[in-house]
Amino acid sequence: MRRSQLFGRTLRESPSEAEIPSHQLLLQAGMIRRLVVGMYSYLPLAQRALRKIENIIRDEMDAIGGQEIDMPLVQPAGLWQETGRWEMLVGRELAGFEDRFGRRLVLAMTHEEAVTDLVRNQTNSYRQLPLMLYQIKLKFRDEPRPRAGLIRVREFGMKDAYSFHADEADLDRYYAEMHQVYLNIFHRAGIDVVSVESDPGIIGGTEAHEFMMIADAGEDKIISCEGCDYRANADVAVMQKPQVNNGEPEPIDEIETPGQTTIEDVANYLGVKKEQTLKAVFYSTDESLIFAAIRGDIEVNETKLKKAVGATHLWFSTDEELRRYGLVAGYASPIDVKGVTVVVDDSVTATPNLIAGANKPGYHLKNMTYSRDFKADVVADISLARGGMTCAHCGGTLTEKRGIEVGNIFKLGTKYSEAMNATYLSQKGRPELLFMGCYGIGLGRLLASIVEANHDEDGIIWPPTVAPYQIHLMHIGKGDEVRQRGEELYTDLRAKGYEVLYDDRQESPGVKFKEADLLGMPLRLTISQRTLETDSVEVKRRTERDKDVVKLDELDPQRYL
RNA sequence: CGGGGCGUAGCGCAGCCCGGUUAGCGCGUCUGCUUUGGGAGCAGAAGGUCGGAGGUUCGAAUCCUCUCGCCCCGACCA
């Protein structure tokens with residue numbers, strides 16, 4: 001490709017709309033442009049890099065028996081009603097419209113329903129299993145807040161794969177294989193990832209892992225143990241809660257605590273530790289109000305809480321909602337509350353004599369003891385693990401980092417096959433539910449992550465496997481000879497099968513060098529009067545400072561890639 | 001949806017508080033000449049409904065109201 005013809009201008013300064021390096025560099029390098037928030041056009045250089053990424057993924061998917069298909073982006077709402085996800089998601093991430101006949105259509109944000117429908121009508125014998133289908137396709141999700149350039153967008157390319165198995169054991173086996181394949185893919189694409197246990201969320205299923213690239217720009221929190229290999233998304237991470245020796249249960253008693261409405265205040269005022277108090281946090285769901293009771297030293301994990309009560313959405317209760325249930329914010333007590341769902345963390349059941357609100361302003365109760373003084377509708381672990389806490393598995397110390405979720409895998413089990421009646425005939429001739437797994441990778445997000453992990457102050461440093469072009473060729477200096485020899489080398493390299501971006505413009509050396517650094521192709525070749533004196537070309541890797549000068553007839557770019 | 005910030009040329013910004021002819025600067029773009037190993041120099045040129053609408057005023061980029069859009073934090077998020 002001739003630089004003079006390349007569509008997409010580079011910028012000297014990065015646009016003010018971008019804050020994280022990948023966003024700044026992709027904009028500055030003329031690779032992406034925003035249409036509206038969360039929707040980007042990919043210009044030629046980005047498109048080439050994306051193709052490389054896709055082909056790595058295809059290669060790995062095919063290697064474990066995947067077959068590429070393509071399913072519709074626009075789907076009937078009825079399909080989503082079969083699994084109950086329409087009611088759950090419409091008006092949220094799932095966007096849709098009505099066609100001219102008044103039929104409700106949705107823009108698919110994922111394809112579990114579509115693929116299950118496809119397979120239930122195509123696959124009916126155990127002989128056809130296991131089966132893995134995948135596609136590389138646009139998704140639309142009506143994200144409430146797109147951010148960070150390509151990291152969270154509303155419309156994006158995704159590889160989604162779905163596997164079908166005769167039984168759970170085969171799904172387990174395949175899931176482990178896919179886990180390894182994912183590691184291979186990210187390694188080949190030039191980034192380091194770790195897999196973490198994760199929340200299956202609205203996809204559902206029994207087990208899930210996310211593949212995280214550790215990065216400050218990431219939106220997910222990862223809890224990992226320094227002592228063992230435990231790693232989990234903070235949404236689901238477990239920890240060992242500090243034991244509190246609070247003696248034998250003593251009689252409950254009311255104490256005055258004027259103006260002390262936070263755990264911090266109450267603990268200070270009464271001269272006790274936070275772990276000797278009971279914290280009350282209130283959430284509302286569409287059905288009820290949740291009284292979450294947890295020890296004062298621990299915070300509530302909303303994902304765990306959702307799971308404990310079987311809710312898909314919850315939010316902090318408003319003062320108005322609290323008043324309706326007769327609760328006094330700041331002095332709430334789990335004793336004798338009516339009409340609310342009381343969820344008690346196991347830290348509270350394990351610790352007697354806690355200080356809690358008396359449900360009237362200015363008073364707390366001391367020596368609150370679970371089961372003697374109050375009851376729970378649900379007892380569960382609803383605690384939020386944080387860095388510095390103790391690992392539940394080995395007693396080591398947990399650390400907390402941020403990560404970008406570049407991929408995820410789910411064991412769906414029979415969730416979809418059951419809801420959609422997708423069965424196969426077993427060896428015994430009986431219909432059995434299909435066991436399913438699904439596996440996603442966000443392409444644009446992966447592209448951004450690669451840049452996030454591979455850049456310096458001068459620009460992008462593409463890993464050779466995903467670089468838009470392998471070679472950035474240029475001639476510098478005046479005169480017909482450099483230009484002519486540049487042209488010759490350009491033709492020659494392409495004939496040998498190399499992907500070459502040729503800066504054929506009459507620009508000053510500084511301009512060309514700076515841009516080559518910004519665009520970040522792995523290998524830079526420069527022809528100048530100086531190199532031609534010895535019939536040579538200058539060779540420089542983007543990853544290195546040093547340059548080589550090699551004879552033109554001895555040039556073997558492959559050695560540098 | 002809540003909080004904060006911002007919309008002036010392709011990009012980066014000044015001007016706004018305190019209203020006053022033809023709205024500025026740098027970069028980029030175009031033309032010519034010079035220059036050619038790290039974002040060159042000189043000369044000239046094009047490019048703006050100051051996000052939009054309404055209002056106040058003799059007069060609005062500037063003040064007021066509404067509205068649209070963008071960024072960040074939170075909520076939310078496979």
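As a basis for the values below, the full set of heavy atoms in this structure was taken, side chains included, without hydrogen atoms, waters or symmetry mates. So that the names make sense, note that chain A is the first sequence line, chain B the second, and so on, each numbered from 1.
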**Q** Can you list the steps and then say if Leu26(A) with Leu150(A) is a side chain to side chain contact (heavy atoms under 4.5 Å, CB included)?
**A** CA-CA 9 Å; Leu26(A) 288 168; Leu150(A) 258 31; 3.8 Å; yes

**Q** Go along nucleotides 25-35 of chain B 5' to 3' and tag each nucleotide: B for a protein heavy atom under 4.0 Å from its base, S when only backbone or sugar atoms are that close, - otherwise.
**A** -BSS------S

**Q** Do Tyr416(A) and Arg85(A) have side-chain N/O donor and acceptor atoms under 3.5 Å apart?
**A** yes

**Q** If you measure from the C1' atom in rG12(B) to the same atom in rC71(B), how many Å do you get, rounded?
**A** 16 Å

**Q** Are Thr10(A) and Glu515(A) close enough that a side-chain donor and a side-chain acceptor fall under 3.5 Å?
**A** yes

**Q** In residues 539-549 of chain A, which residues come under 4.0 Å of RNA chain B by heavy atom?
**A** Lys547(A)

**Q** At under 4.0 Å between heavy atoms, what does Met109(A) touch on the DNA or RNA strands: base, sugar-phosphate, or nothing?
**A** nothing

**Q** In whole angstrom, what separates Phe513(A)'s CZ from rG38(B)'s C1'?
**A** 7 Å

**Q** Name the residue from Arg3(A), His475(A), Arg2(A), His472(A) that meets the side-chain hydrogen bond (donor to acceptor under 3.5 Å, both in side chains) definition with Tyr502(A).
**A** His475(A)

**Q** Does one side chain, of Lys137(A) or His111(A), offer a donor that lies under 3.5 Å from an acceptor on the other?
**A** no

**Q** Does Lys512(A) or His23(A) map to a spot on RNA chain B nearer the 5' end, using the closest nucleotide for each?
**A** Lys512(A)

**Q** Indicate whether the side chain of Asp504(A) and that of Ser4(A) have a donor and an acceptor atom separated by less than 3.5 Å.
**A** yes

**Q** Could you tell me if Glu113(A) and Thr83(A) have a donor-acceptor pair between their side chains, going purely by distance under 3.5 Å?
**A** yes

**Q** With a 4.0 Å cut-off on heavy atoms, is Leu94(A) in touch with a base, just the backbone sugar-phosphate, or nothing at all?
**A** nothing

**Q** Enumerate the residues from residues 403-418 of chain A whose closest heavy atom to RNA chain B is under 4.0 Å, giving them by residue number; use none for an empty result.
**A** Glu405(A), Asn408(A), Phe410(A)

**Q** Write down the partner of rC63(B) under the Watson-Crick or G-U wobble criteria, each distance required to be under 3.5 Å.
**A** rG55(B)

**Q** Compute the ring centroids of Phe282(A) and Phe291(A), then answer whether they are less than 6.0 Å apart.
**A** yes

**Q** Does rC6(B) have a Watson-Crick or wobble mate here (both distances under 3.5 Å), and if so which one?
**A** rG69(B)

**Q** Which atoms of nucleotides 68-70 of chain B (N or O only) lie under 3.5 Å from a protein N or O atom, and what are those distances?
**A**
from, atom 1, to, atom 2, distance (Å)
rC70(B), OP1, Val37(A), N, 2.8
rC70(B), O3', Arg34(A), NH1, 3.0

**Q** Taking any strand in view, what nucleotide pairs with rA23(B) in a Watson-Crick or G-U wobble way, both distances under 3.5 Å?
**A** none

**Q** Considering only side-chain heavy atoms of Pro509(A), which listed nucleotide, rU36(B), rG74(B), rC11(B), is closest?
**A** rU36(B)

**Q** Salt bridge check: are Arg34(A) and Glu17(A) linked by an N-O gap of less than 4.0 Å?
**A** yes

**Q** Toward the 5' end of RNA chain B, which comes first, Phe156(A) or Gly510(A), by nearest nucleotide?
**A** Gly510(A)

**Q** For rC17(B), which nucleotide is its Watson-Crick or G-U wobble mate, given both distances must be under 3.5 Å?
**A** none

**Q** Measure the acute angle between the ring planes of His165(A) and Tyr174(A), then classify it against the limits of 30° and 60° as parallel, tilted or perpendicular.
**A** tilted

**Q** Taking any heavy-atom pair under 4.0 Å as a contact, classify Ser198(A): base, sugar-phosphate, or nothing.
**A** nothing

**Q** Please name all residues satisfying side chain to side chain donor-acceptor pair (under 3.5 Å) with Ser224(A), sequence neighbours left out, ordered by chain then number.
**A** Thr399(A)

**Q** From the list rA75(B), rC71(B), rC73(B), which nucleotide is the closest neighbour of the side chain of Arg147(A)?
**A** rC73(B)

**Q** Rounding to a whole Å, what distance do you find between Glu143(A):CD and rC1(B):C1'?
**A** 15 Å

**Q** For the C1' atoms, the ones on rG10(B) and on rG4(B), what distance do you get once it is rounded to whole angstrom?
**A** 29 Å

**Q** Roughly how many Å apart are rU62(B) and rG54(B), using the P atom of each and rounding to a whole number?
**A** 14 Å

**Q** Under 4.0 Å between a side-chain N/O of Arg33(A) and OP1 or OP2 of rG10(B), yes or no?
**A** no

**Q** Give one of base, sugar-phosphate or nothing for Arg85(A), where a contact means two heavy atoms less than 4.0 Å apart.
**A** nothing

**Q** How far, in whole Å, is rC68(B) from rG32(B) if one measures between their P atoms?
**A** 48 Å

**Q** Using the P atom as the reference point in each nucleotide, state the distance between rC25(B) and rA14(B) in Å, no decimals.
**A** 16 Å

**Q** Looking only at the side chain of Glu302(A) (C-beta and beyond, no hydrogens), which of the listed nucleotides rC77(B), rG39(B), rC76(B) gets closest?
**A** rC76(B)

**Q** If you apply the rule ring pair (Phe, Tyr, Trp, His ring centres under 6.0 Å), what do you find for Tyr283(A) with Phe316(A), and how did you get there?
**A** CA-CA 4 Å; Tyr283(A) 292 91; Phe316(A) 269 125; 5.1 Å; yes

**Q** Roughly how many Å is it from NZ in Lys221(A) to P in rC73(B), rounded to a whole number?
**A** 12 Å

**Q** Test: side-chain hydrogen bond (donor to acceptor under 3.5 Å, both in side chains). Region: residues 208-217 of chain A. Which pairs qualify, not counting sequence neighbours?
**A** Tyr175(A)-His209(A), Glu210(A)-Asn233(A)

**Q** Once you apply the 3.5 Å cut-off to both distances, tell me the Watson-Crick or G-U wobble partner of rC1(B), or none.
**A** rG74(B)

**Q** With distance as the sole criterion, do the side chain of Arg92(A) and the base of rC77(B) form a donor-acceptor contact below 3.5 Å?
**A** no

**Q** Would you measure the distance from the P atom in rC1(B) across to the matching atom in rG41(B) and give it in whole Å?
**A** 49 Å

**Q** Using only heavy-atom distances, determine whether the side chains of Ser195(A) and His179(A) contain a donor-acceptor pair under 3.5 Å.
**A** yes

**Q** Please state the C1' separation for the pair rG38(B) and rU22(B) - nearest whole angstrom.
**A** 41 Å

**Q** Test for a donor-acceptor pair under 3.5 Å between the base of rG12(B) and the side chain of Ser16(A), counting only N and O atoms.
**A** no

**Q** Do the side-chain N or O atoms of Arg530(A) get closer than 4.0 angstrom to the phosphate oxygens (OP1, OP2) of rU36(B)?
**A** no

**Q** Is there a Watson-Crick or G-U wobble partner for rG28(B) with both distances under 3.5 Å, and which nucleotide is it?
**A** none

**Q** Tell me the partner of rG48(B), counting only Watson-Crick (N1-N3 plus N6-O4 or O6-N4) or G-U wobble (N1-O2 and O6-N3) with both under 3.5 Å; none if nothing fits.
**A** none

**Q** What is the distance, rounded to the nearest whole Å, between atom CD of Glu457(A) and atom P of rG38(B)?
**A** 18 Å

**Q** At less than 3.5 Å, do the side-chain atoms of Gln529(A) and the base atoms of rG37(B) form a donor-acceptor pair?
**A** no

**Q** Count the heavy atoms of every other residue, nucleotide or ligand shown that sit under 6.0 Å from CG of Asn184(A), and state whether that count exceeds 12.
**A** yes

**Q** In this structure, are over 12 heavy atoms from other groups packed under 6.0 Å from Phe97(A) atom CZ?
**A** yes

**Q** Pick base, sugar-phosphate or nothing for Pro144(A), based on heavy-atom distances below 4.0 Å to the nucleic acid.
**A** base

**Q** Below 4.0 angstrom, N of the basic side chain to O of the carboxylate: do Glu544(A) and Arg541(A) qualify?
**A** yes

**Q** Mind checking Ala516(A) for me? I need base, sugar-phosphate or nothing, with any heavy atom below 4.0 Å counting as a touch.
**A** nothing

**Q** Which nucleotide, in any strand shown, forms a Watson-Crick or G-U wobble pair with rA40(B), with both distances under 3.5 Å?
**A** rU34(B)

**Q** Salt bridge or not for Glu168(A) and Lys411(A), using N-O below 4.0 Å?
**A** no

